[in-house]
Chemist: 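Next up is a structure, given as structure tokens.
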Protein chains: 2
Amino acid sequence: MTDDRTMTIREMCDTYDVTPRTLRFYEAKELLFPIREGQKRLFTKRDRARLKLILRGKRFGFSLEEIRQLLDLYHMGDQQQTQLARTYEIAQQRLTDMETQRDELNQAIDELKEQMRWGEKMLASMDQSKRAAE
Amino acid sequence: MTDDRTMTIREMCDTYDVTPRTLRFYEAKELLFPIREGQKRLFTKRDRARLKLILRGKRFGFSLEEIRQLLDLYHMGDQQQTQLARTYEIAQQRLTDMETQRDELNQAIDELKEQMRWGEKMLASMDQSKRAAE
DNA sequence: GCCTGATCTTACGTCAACGTAAAAGTGACG
DNA sequence: CGTCACTTTTACGTTGACGTAAGATCAGGC
């Protein structure tokens, strides 16, 4: 069997390196749905799976709102393929954005490297005149 | 001779594709220092050069505050090589950050592509059952 | 019963880079 | 003189993803 034990907020924080505030925030935004035992939250296996997807989504650069939509569709069963296609579309768009961003970043890196050869020379020459002055 | 004519705010906006608000904002943040003729701002060659560097800096992912510091150091004359070295250090750090970011982005792109092969299959199978239902 | 530590709710604060609205001044044209 | 287009200042609003402070509550241990 897989580990179906529920986790406290602290265990979640330690496991996934997030703050309690973050988990409560995600709950408020309807990204997570921990069980409420009295006051306390108990995070199930499902919550942990969702949190993993949230964190991954953030690495992809999705906003929380986008992630929520994707997550909702994820658990929507098999009706409404229109929405699923929409999901796919969103991901497609994000992918394009990321590739564009990467290309721009690469160009910026090259440019910055170029600029820095400048600075290198400048620093070297200044170091020289500093030594000469001593 | 190079073009030393001063430019109005509108000419600047059209030339560099920014809004008046942006230019005034940059002035407030001490990134630009247009001459004040009465009420109006007149942007000199120096302002244009600075603006170009600002826009480039933004493409590099520097914050405006970082850009301001770099710009200040840029016009500091040749004393204080400590600060120049600091500038170089900042740029170096930024470069490292950008490369890290690019690598993560590349990894995210690969992951996302992988995920999407999933979605592709899912869409295809759902399309099938949809056709069958008609 | 009391203390301690963890958790809870509520709600205002933060940061960056401007956007936007209001009200007023300026200059040229007719 | 009017008014039209442009610019100015001032200052509050926006967005996203939480941080942070204040105070309530609860379970366990002594």
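Here is how names work: the chains are called A, B, and so on, in the same order as the sequence lines, proteins then strands, and each is numbered from 1.
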Chemist: Taking the side chain of T22(B) as its heavy atoms from C-beta onward, which of dA17(D), dC18(C), dT7(D) lies nearest to it?
Modeler: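 Nearest nucleotide to the side chain: dC18(C).
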Chemist: Side chain of F25(A): nearest nucleotide among dA17(D), dA17(C), dC26(D)?
Modeler: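 That would be dA17(D).
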Chemist: If I take atom CG in residue L51(A) and atom P in nucleotide dC18(D), what distance separates them, rounded to the nearest angstrom?
Modeler: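 Atom CG in L51(A) sits about 11 Å away from atom P in dC18(D).
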Chemist: Between T19(B) and P20(A), who's closer to the 5' end of DNA chain C by nearest nucleotide?
Modeler: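 That would be P20(A).
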Chemist: Name the closest nucleotide to the R41(A) side chain, picking from dT7(D), dT9(C), dG19(C).
Modeler: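 Selected nucleotide: dT9(C).
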Chemist: If you take all heavy atoms of C13(B) and P20(B), which pair is closest and at what distance?
Modeler: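 Shortest heavy-atom separation between C13(B) and P20(B) comes out as SG-N, 3.4 Å.
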Chemist: Which whole-number value in Å describes the distance from L64(B) CG to dC15(C) C1'?
Modeler: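 Answer to the nearest Å: 12 Å.
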Chemist: Give the rounded distance in Å between these two atoms: CD of Q39(A) and C1' of dA6(C).
Modeler: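 In whole Å, dA6(C) C1' lies 12 Å from Q39(A) CD.
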Chemist: Examine dG5(C): is either OP1 or OP2 under 4.0 Å from a nitrogen or oxygen in the side chain of K40(A)? Give yes or no.
Modeler: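 Answer is no, no contact under 4.0 Å.
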Chemist: Looking at every strand, decide which applies to R24(B) at a 4.0 Å heavy-atom threshold: base, sugar-phosphate, or nothing.
Modeler: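 Since a base atom lies under 4.0 Å of R24(B), the category is base.
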Chemist: When the distance from CD of E11(A) to C1' of dA6(C) is rounded to whole Å, what number comes out?
Modeler: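 In whole Å, dA6(C) C1' lies 13 Å from E11(A) CD.
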Chemist: Between E27(B) and R36(B), does any side-chain N to carboxylate O distance fall below 4.0 Å?
Modeler: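 Judged by the 4.0 Å cut-off on N to carboxylate O distance, E27(B) and R36(B) do form a salt bridge.
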Chemist: Could you work out which one of dT7(D), dA17(C), dA17(D) sits closest to the side chain of S63(B)?
Modeler: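 Out of dT7(D), dA17(C), dA17(D), the nucleotide with an atom closest to S63(B)'s side chain is dA17(C).
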Chemist: Any idea which of dT7(C), dC18(D), dT8(D) is nearest the R36(B) side chain?
Modeler: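 The answer is dT8(D), which lies nearest to the side chain.
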Chemist: Using OP1 and OP2 only, check whether a side-chain N or O of Y26(B) sits under 4.0 Å from dA17(C).
Modeler: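 Answer is no, no contact under 4.0 Å.
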Chemist: Take the protein atom CD of E27(A) and the nucleotide atom C1' of dA17(D), then report the distance between them rounded to whole Å.
Modeler: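 Answer to the nearest Å: 16 Å.
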Chemist: Once you round it to whole Å, what is the distance between P of dC26(D) and CD1 of I9(A)?
Modeler: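 It is 17 Å, rounded to the nearest whole Å.
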Chemist: Output yes when at least one side-chain N/O atom of R21(A) is less than 4.0 Å from OP1 or OP2 of dT20(D), else no.
Modeler: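 Looking at the OP1 and OP2 atoms of dT20(D), neither is under 4.0 Å from any side-chain N or O of R21(A).
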